[in-house]
Amino acid sequence: MSVHSPLGRKRRRAAEEFCLRVEDSQRGVRGWIVQGNEEEECDEGPDVDGDERDLSSSLSNLTTVINNNIINNNNNINSSSSSSGGSTSSSRSSRSSIREPAAVVAGWYRRLRLGRSALTSRTVFLLELARELSFWSHRKTRGSNSLGPFERFFQQPFVWLAGKMALSTPLVASLDDEGKLRTSRSSRNSLGIFKVLCLIATVVLLAVWLLKKAPVQPGVKYGAAWERSIIQSAKPSGRGHPVILVTGSAGFVGYHVSLALKKRGDGVVGIDNFNDYYPVQLKRARAANLLSKGVVTVDGDINNSELLRRMFKLVQFTHVLHLAAQAGVRYAVKKPMTYVHSNIAGFVVLLEVCKSLNPQPSMIFASSSSVYGLNTKVPFSEDDRTDQPASLYAATKKADEMIAHTYNHIWGLSITALRFFTVYGPWGRPDMAYFSFTRNIVEETPIKIFRGPYDTELSRDFTYIADVVKGCVASIDTAKPSTGSGGKKTGSAQFRIFNLGNTQPVKVGAFVDILEKHLNRKAIRDYVDMPATGDVPFTHANVSHAREELGYNPTTDLETGLGEFVTWFSSYYGDDSMACC
Ligand SMILES: O=C(O)[C@H]1O[C@H](OP(=O)(O)OP(=O)(O)OC[C@H]2O[C@@H](n3ccc(=O)[nH]c3=O)[C@H](O)[C@@H]2O)[C@H](O)[C@@H](O)[C@@H]1O
């Protein structure tokens with residue numbers, strides 16, 4: 001069959017090479033290497049049109065060449081070791097003959113008139129591998145005259161693949177009529193420039209990759225596995241479910257709401273800085289429980305805008321439930337700056353990130369009954385004045401409401417503020433009275449009960465966690481989308497404030513009575529004047545707005561709720577109540 005195209009000529013040449021090799025293999029491999037005549041005709045060679053079948057047959061011939069060569073080597077070794085009893089010279093000659101498979105491949109390169117540089121690195125690799133496998137096969141089959149099926153199995157595909165790649169069209173196309181590699185000065189220059197550009201691009205990409213993978217918080221790794229875990233945690237169980245970022249997820253309220261959201265199929269990812277305001281073990285235990293339910297808690301601070309942006313890049317959160325805060329009324333006199341850091345700065349960082357997103361999430365965040373401060377009008381309504389805070393804590397929460405309003409007004413963020421009223425329950429906060437009193441009663445140590453002006457007893461609208469969780473979930477479900485996008489407001493957005501209380505204030509003395517009953521022990525009561533550290537005399541929620549808009553309806557009375565807490569406390573701490581707080 002005649003071939004007229006240059007490509008056909010090249011293929012013909014390549015095919016002829018194989019014919020030669022086959023003939024040579026019949027004459028003995030050694031002879032083939034030294035004497036192959038490139039101009040020789042090959043009558044029974046493969047079709048010069050480069051038909052696939054012929055190429056395959058050529059390649060299988062190459063395999064035959066290599067295998068025959070190995071068999072020859074084996075024969076050499078066997079005969080030399082048996083005849084001379086292993087003399088130094090003959091063992092040297094058998095060692096050199098072991099290298100024959102390498103020589104076969106080298107000859108093959110030469111036959112194709114290609115320098116190694118003409119071959120792609122992958123082809124060279126495969127050829128080298130084939131050669132090594134031949135060499136290895138030889139050693140494995142020492143003492144036998146043929147390759148075992150195992151060795152053939154490993155060797156042949158590599159030889160075949162290497163040959164196929166070497167004869168592939170792009171490679172053959174780069175040969176001139178003489179079969180030499182077609183190169184020119186300009187093509188060499190272009191290749192050089194291309195290589196330099198590739199190198200620069202690789203270095204730049206590597207640098208970008210390293211920067212992106214760098215920990216955004218010292219000591220914490222945010223790598224690919226971390227990213228996968230976030231994405232997995234954020235997966236809702238079906239379409240239509242919200243995907244929520246819960247800040248403070250290892251905290252008391254954050255833990256319970258995250259569980260509830262996950263349970264109903266929402267996508268939930270948490271973030272918590274695990275500060276040591278109260279024992280961190282309890283926060284870790286909450287986070288571990290969440291993880292067992294498929295909710296990841298990122299160990300990070302909301303002040304870390306880089307981390308937040310990275311999380312928002314991974315997941316398009318529909319809502320942010322912002323519960324992370326420096327809690328506690330009285331602690332603010334000891335550590336005022338932690339309140340500024342978490343409740344003010346952290347909140348603004350979070351809002352800044354949220355407002356710049358497209359689409360913006362809706363935000364629901366924890367405010368506090370403490371914003372009513374020294375108000376005397378009861379019950380507290382959302383419409384009442386809140387400009388007389390009694391503690392820095394209360395002031396930061398009131399500031400949050402006002403800051404939130406500006407982000408709603410300027411950027412179109414949909415915002416809901418929830419004023420929690422002394423929330424209690426299992427997995428609660430060790431710094432709060434119900435928790436520390438329980439421990440003291442169990443340990444039979446005195447509790448300090450604060451008394452207000454004129455010996456009045458303080459009272460609180462203690463609210464059970466399950467009721468608050470319902471209020472939070474309903475707030476998420478009724479939140480309208482933000483109207484801004486990428487930092488631009490397109491219309492007025494929802495702004496809401498709700499009281500989430502129990503509506504039944506209880507005096508602290510009566511609250512201790514209930515604890516005594518559940519613990520079956522008497523408290524050692526020590527009545528003291530209320531310290532000037534920010535407490536207010538009473539709280540009492542009017543929840544009519546929440547009832548109307550959220551369907552909020554607290555159902556757990558203090559007796560039932562404290563019973564649940566005491567049961568959990570006993571099972572969690574057992575005899576070691578000292579470990580609690
Ligand atoms: O609802 C709220 O706004 C606030 O409720 C609690 O603050 P608080 O009501 O002071 O809760 P506890 O610390 O548990 O105190 C409960 C009652 O026990 C009293 N108490 C506390 C501690 C103590 O040693 N003795 C004592 O009589 C307090 O004065 C208060 O009347 C939370 O700690 C705040 O984070 C939350 O914002």
Side-chain angles (χ1 to χ4, degrees), residues 248 251-254 277-278 323-333 335 338-339 342-343 365-375 379-380 386 389-401 417-425 428-441 445-453 455-465 467-468 471 497-503 505-515 523-541 543 554 558 561-562 565 581:
F252 172 39
V253 180
Y277 169 57
Y278 60 78
L323 303 173
Q326 176 55 62
V329 173
R330 293 168 287 280
Y331 186 65
V333 295
K335 290 271 178 77
T338 66
Y339 289 80
S342 292
N343 302 2
F365 79 95
S367 183
S368 162
S369 69
S370 63
V371 299
Y372 292 107
L374 303 175
N375 274 9
F380 299 154
T386 51
S391 66
L392 178 64
Y393 168 75
T396 61
K397 284 295 177 183
K398 178 61 191 169
D400 283 347
E401 290 182 0
L418 302 175
R419 293 177 178 169
F420 296 153
F421 282 68
T422 315
V423 188
Y424 71 99
R429 271 173 43 198
D431 63 307
M432 289 181 68
Y434 68 94
F435 214 122
S436 60
F437 283 3
T438 300
R439 189 199 72 174
N440 286 17
I441 295 170
T445 53
I447 56 171
K448 284 194 169 108
I449 300 178
F450 301 150
R451 258 200 305 241
D455 273 357
T456 52
E457 271 208 72
L458 307 187
S459 64
R460 287 292 179 273
D461 195 0
F462 295 100
T463 311
Y464 190 59
I465 182 66
D467 291 323
V468 169
I497 297 180
F498 294 115
N499 286 339
L500 293 186
N502 195 46
T503 70
V506 175
K507 289 195 167 66
V508 175
F511 152 83
V512 175
D513 293 344
I514 299 172
L515 273 182
I524 305 169
R525 302 180 190 219
D526 188 0
Y527 284 90
V528 298
D529 285 343
M530 184 174 80
T533 47
D535 271 300
V536 292
F538 53 84
T539 62
H540 181 182
V543 297
L558 190 57
L562 281 180
F565 169 72
C581 29

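As the structure is a computational prediction, the values presented were derived from the model and not from experiment. Both ligands and their constituent atoms are indexed starting at 1 by order of listing. As a basis for the values below, the full set of heavy atoms in this structure was taken, side chains included, without hydrogen atoms, waters or symmetry mates.
- R419 and Y372 make their closest contact through NH1-OH, 2.7 Å (heavy atoms, listed as atom of the first residue, atom of the second, distance).
- In terms of polar-atom proximity, defined here as any N/O pair under 3.5 Å, L458 makes no such contact with ligand 1.
- The protein heavy atom nearest to atom 1 (O) of ligand 1 is T422 N, 2.6 Å.
- In this structure, the ring of F511 has its center no less than 6.0 angstrom from the ring center of Y434.
- For atom 4 (C) of ligand 1, the nearest protein heavy atom (residue, atom name, distance) is S368 OG, 4.1 Å.
- Ligand 1 has a nitrogen or oxygen under 3.5 angstrom from a nitrogen or oxygen of S370.
- Look at R525 and D513 and you find a salt bridge, because one of the NZ, NE, NH1 or NH2 atoms lies within 4.0 Å of a carboxylate O, short of that distance.
- Nearest-heavy-atom check against atom 6 (C) of ligand 1 across M530, R525, E457, M432 picks out M432.
- Residues F565 and F435 place their aromatic rings such that the two centres sit under 6.0 Å apart.
- Among protein heavy atoms, atom 16 (C) of ligand 1 sits closest to A433 CB, 3.8 Å.
- Ring centroids of Y424 and Y464 are separated by less than 6.0 Å, placing the two rings close together.
- Residue-level proximity to ligand 1 for F421 is carried by the backbone, the only part with a heavy atom below 4.0 angstrom.
- Residue Y424 does not touch ligand 1, judged by heavy-atom distances below 4.0 Å.
- Ligand 1 has no atom lying under 4.0 Å from any heavy atom of F511.
- Looking only at protein heavy atoms, the nearest one to atom 21 (C) of ligand 1 is R330 NH2, 3.4 Å.
- Counting only heavy atoms of the protein, atom 36 (C) of ligand 1 lies nearest to Y393 OH, 3.7 Å.
- Close approach to F420 involves these atoms of ligand 1, each under 4.0 Å from a residue heavy atom: 1 (O), 2 (C), 3 (O).
- Scanning the protein heavy atoms around atom 26 (C) of ligand 1, the nearest turns out to be F450 CD1, 3.4 Å.
- Ligand 1 places these atoms under 4.0 Å from at least one heavy atom of I449: 27 (O).
- The closest protein non-hydrogen atom to atom 2 (C) of ligand 1 is S369 OG, 3.1 Å.
- Note: Y277 and Y331 meet the aromatic proximity criterion, with ring centroids under 6.0 Å apart.
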Under the salt bridge (charged side-chain N to carboxylate O under 4.0 Å, His left out) rule, what do R460 and D535 come out as? Steps first, then yes or no, please.
-> CA-CA 11 Å; R460 287 292 179 273; D535 271 300; 3.3 Å; yes
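- Side chain of N499 to backbone of V543: no donor-acceptor contact under 3.5 angstrom is found.
- Atom 31 (O) of ligand 1 has as its closest protein heavy atom R460 CZ, 3.2 Å.
- Considering only non-hydrogen atoms, atom 35 (O) of ligand 1 lies nearest to R429 out of K448, K397, R451, R429.
- Side-chain N/O atoms of T463 and N502 include no donor and acceptor closer than 3.5 Å.
- A side-chain N or O of K398 and one of T386 form a donor-acceptor pair less than 3.5 Å apart.
- For the residue pair V536 and A390, the shortest heavy atom distance occurs at CG1-CB, 3.8 Å.
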